[in-house]
Amino acid sequence: VVLPTFILEKRSLLEMYADFMSHPDLFVAITDGSSPEDRMVRFVEYYLTSFHEGRKGAIAKKPYNPIIGETFHCSWKVPRKPEEASQGGDPAASQDPYQVRFVAEQVSHHPPVSGFYAECQERRMCVNTHVWTKSKFMGMSIGVSMIGEGCLYLLEHDEEYTFTLPCAYARSILTVPWVELGGKVNISCAKSGYSAIITFQTKPFYGGKLHKVTAEVKHNTTNAVVCRVQGEWNGVLEFSYTSGETRVVDVTKLPVTRKCVRPVEKQGPTES
């Protein structure tokens, strides 16, 4: 099937992966968690808010396939909170924003595998992910499995969080295609014994709401659920804690930090 050209997004898949970092302030805040439980909940919050920016607009767009060896580099500046800026040391340096750096590379062609890495050196944290995008046609939809996993390293706490990615579906591809996410995602930290299961729910044929997501954070040894989340990954998320406390995050109101990219004349020949 020759698909209409309006579904092509004028950028590489490697750049699209950088959209996962559109809220670098939430990413950097993970390591601020005062306990392993708090850090896991913060990671879940960051994770759940990381999908909507790549899917701006209702139409599903297909990014260009990267060629092998292609890379994409960018960075974001994250302002320090007032209390972090005042902590000792050189007062001038302590006012500088944190920098989150990102690099993605197409590391395999058959199967198509991308690797991407992001770090914030000042906060001693980094994340390393590999993804094989495996597509299949299903009537009026295209399903894309994101096979692979990522690992977030919080060096300050000596913790590693492994995580997987959901499937993406482009629906009604012959008319106006739109995207939904589906499938179960696992996040786990072996050291602290906390894990989370996130379920992206596809819309049932009749009724039901679009873009629903639920999540549970639990402590493995006691099997106690410490936090539940429900809502939409591109809308409002409600966090409920065992203490009875609830908190609401509206992803559409979160500030999006623009990525900084070097001018084209300063980029290498294989950068997209």
Between CG on residue Leu13 and CZ on residue Phe116, distance to nearest 0.5 Å = 9.0 Å

Between Lys203 and Glu180, does at least one N-O distance fall below 4.0 Å, as a salt bridge requires?
-> no

Going by the side-chain hydrogen bond (donor to acceptor under 3.5 Å, both in side chains) test, which pairs reach into residues 127-154, not counting sequence neighbours?
-> Ser141-Arg171

Whether Tyr194 and His219 hold their rings parallel, tilted or perpendicular, with breakpoints at 30° and 60° = tilted

Using a 4.5 Å cut-off on heavy atoms from C-beta on, say whether the side chain of Leu8 contacts that of Tyr64.
-> yes

ILVMFWY network linking Tyr169 to Phe51, side-chain heavy atoms under 4.5 angstrom = no

Taking the side chain as C-beta and beyond, is there a heavy-atom pair between Phe20 and Phe27 under 4.5 Å?
-> no

Crowded around Arg228 CZ? As in, over 12 foreign heavy atoms under 6.0 Å?
-> no

Could you list all the side-chain hydrogen bond (donor to acceptor under 3.5 Å, both in side chains) pairs where at least one residue sits in residues 245-254, not counting sequence neighbours?
-> Glu45-Arg247, Tyr241-Arg247, Asp250-Thr252, Asp250-Lys253

Worked check of side chain to side chain contact (heavy atoms under 4.5 Å, CB included) between Lys218 and Asn223 = CA-CA 6 Å; Lys218 67 175 194 181; Asn223 236 358; 3.0 Å; yes

Can you find a heavy atom in the side chain of Glu159 that is under 4.5 Å from one in the side chain of Pro36?
-> yes

Output yes when a side-chain donor or acceptor of Ser22 lies under 3.5 Å from a complementary backbone atom of Val256, and no otherwise.
-> no

In terms of heavy-atom contacts, Met21 and Val100 come closest through CE-CG1, 3.8 Å

Does Leu26 reach the side chain of Leu254, with side-chain heavy atoms less than 4.5 Å apart?
-> yes

Mind checking whether Ile147 and Val113 sit in one hydrophobic cluster, side chains of I, L, V, M, F, W, Y counted as touching below 4.5 Å?
-> yes

NZ (Lys209) and CD (Gln201) are apart, to the nearest 0.5 Å, by 11.0 Å

In short, Leu48 meets Ala215 closest at the heavy-atom pair CD1-CB, 4.5 Å

If only atom types and distance count, is the side chain of Lys191 paired as donor or acceptor with the main-chain N or O of His157 below 3.5 Å?
-> yes

For Val229 and Val44, work out which heavy atoms get closest and say how close.
-> CG2-CG1, 4.5 Å

Rounded to the nearest 0.5 Å, how far does NE2 of His52 lie from NE2 of His211?
-> 13.0 Å

Taking all heavy atoms of Pro66 and all of Gln106, pick out the closest pair and write down the distance.
-> CG-OE1, 3.4 Å

Might you work through the side chain to side chain contact (heavy atoms under 4.5 Å, CB included) test for Arg11 and Met16, ending with a clear yes or no?
-> CA-CA 7 Å; Arg11 55 188 191 142; Met16 209 162 148; 3.6 Å; yes

Hey, would you say the Tyr17 and Phe72 ring centroids sit under 6.0 Å apart?
-> no

In Å, rounded to the nearest 0.5 Å, how long is the span from CG of Leu181 to OG1 of Thr202?
-> 10.0 Å

Gap between atom CG of Asn65 and atom CD1 of Ile67 - 0.5 Å precision | 11.0 Å

Are Met125 and Glu156 close enough that some pair of their side-chain heavy atoms sits under 4.5 Å apart?
-> no

Would you indicate whether the side-chain heavy atoms of Thr31 and Arg124 approach each other to under 4.5 Å?
-> no

Val78 and Val261: same hydrophobic cluster, using ILVMFWY side-chain contacts below 4.5 Å?
-> yes

Joint cluster assignment, Tyr117 & Leu152, ILVMFWY side-chain distance < 4.5 Å | no

Answer yes if Val226 and Tyr46 sit in the same cluster of Ile, Leu, Val, Met, Phe, Trp and Tyr residues linked by side chain heavy atoms under 4.5 Å apart, and no otherwise.
-> yes

Ser188 side, atom OG; Glu160 side, atom CD - distance, nearest 0.5 Å = 10.0 Å

Parallel, tilted or perpendicular: which describes the rings of Phe163 and Phe43, with under 30° parallel and over 60° perpendicular?
-> perpendicular

Taking the side chain as C-beta and beyond, is there a heavy-atom pair between Ser50 and His23 under 4.5 Å?
-> no

Nearest heavy-atom approach of Met40 to Ala196 is SD-CB, 4.4 Å

For Glu119 and Cys126 the tightest heavy-atom approach is CB-CB, 3.7 Å

N/O donor-acceptor pair under 3.5 Å between Arg80 side chain and Asp96 backbone | yes

Sequence neighbours excluded, every pair satisfying side-chain hydrogen bond (donor to acceptor under 3.5 Å, both in side chains) that has a member inside residues 257-272 = Asp19-Lys259, Glu70-Ser272, Arg262-Glu271

Under 4.5 Å between any side-chain heavy atoms of Val213 and Ile198, yes or no?
-> yes

Show your working on side-chain hydrogen bond (donor to acceptor under 3.5 Å, both in side chains) between Gln99 and Arg101 and close with a plain yes or no.
-> CA-CA 6 Å; Gln99 193 170 25; Arg101 294 182 179 85; 3.0 Å; yes

